[in-house]
Q: 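Below you'll find the structure I mean.
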Amino acid sequence: PKRLEELKALNFTWDPHEREFECFFELLVAYKKLHGDCHIPEDFSDNPTLELGKYVRKLRKSFGTFSDGNDAKADAKNILTKERVDR
């Protein structure tokens, strides 16, 4: 329990995919605030280690897979909702 509390105090990420999503989501929200939309070119990147354009392409592909009913290949939490992006 003590070690667990210490990790929680550090905001330890148990699911690395969740942290990755949150990082890119923050970039997406910032992009929308700056440009007014989420029409991100595939080659767009304002950070050399976080290629937002490629990540958005992956999300769009996942959405297509998810919306086709094949949720085994797409995780619903990775589908961006309009309400979250508009914040």
Q: Are Cys38 and Leu28 close enough that some pair of their side-chain heavy atoms sits under 4.5 Å apart?
A: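 Side-chain contact under 4.5 Å: yes.
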
Q: Enumerate the salt bridge (Lys or Arg N to Asp or Glu O under 4.0 Å) contacts for residues 40-55, please, sequence neighbours excluded, ordered by first and then second residue.
A: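 The answer is Glu42-Arg57, Glu51-Lys54.
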
Q: State, to 0.1 Å, how close Arg19 and Glu26 come at their nearest heavy-atom pair, and which atoms those are.
A: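 Arg19 and Glu26 have their closest heavy atoms at NH1-OE2, 4.3 Å.
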
Q: Determine whether Leu34 and Ile40 fall in the same hydrophobic cluster, where Ile, Leu, Val, Met, Phe, Trp and Tyr are linked whenever their side-chain heavy atoms lie under 4.5 Å apart.
A: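 Leu34 and Ile40: separate clusters.
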
Q: Rounded at 0.5 Å granularity, tell me how far NZ in Lys8 sits from CD in Glu6.
A: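 That separation rounds to 12.5 Å.
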
Q: Any side-chain heavy atom of Glu5 within less than 4.5 Å of one from Lys2?
A: no

Q: Could you state the interatomic distance from NZ (Lys32) to NE2 (His39), rounded to the nearest 0.5 Å?
A: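 If we round to the nearest 0.5 Å, Lys32:NZ and His39:NE2 are 9.0 Å apart.
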
Q: Atom CZ in Phe21, atom CG in Asp15: separation rounded to 0.5 Å?
A: 11.5 Å

Q: Which residues pass the ring pair (Phe, Tyr, Trp, His ring centres under 6.0 Å) test with Phe24, not counting sequence neighbours?
A: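 Ring pair (Phe, Tyr, Trp, His ring centres under 6.0 Å) check on Phe24 returns Tyr55.
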
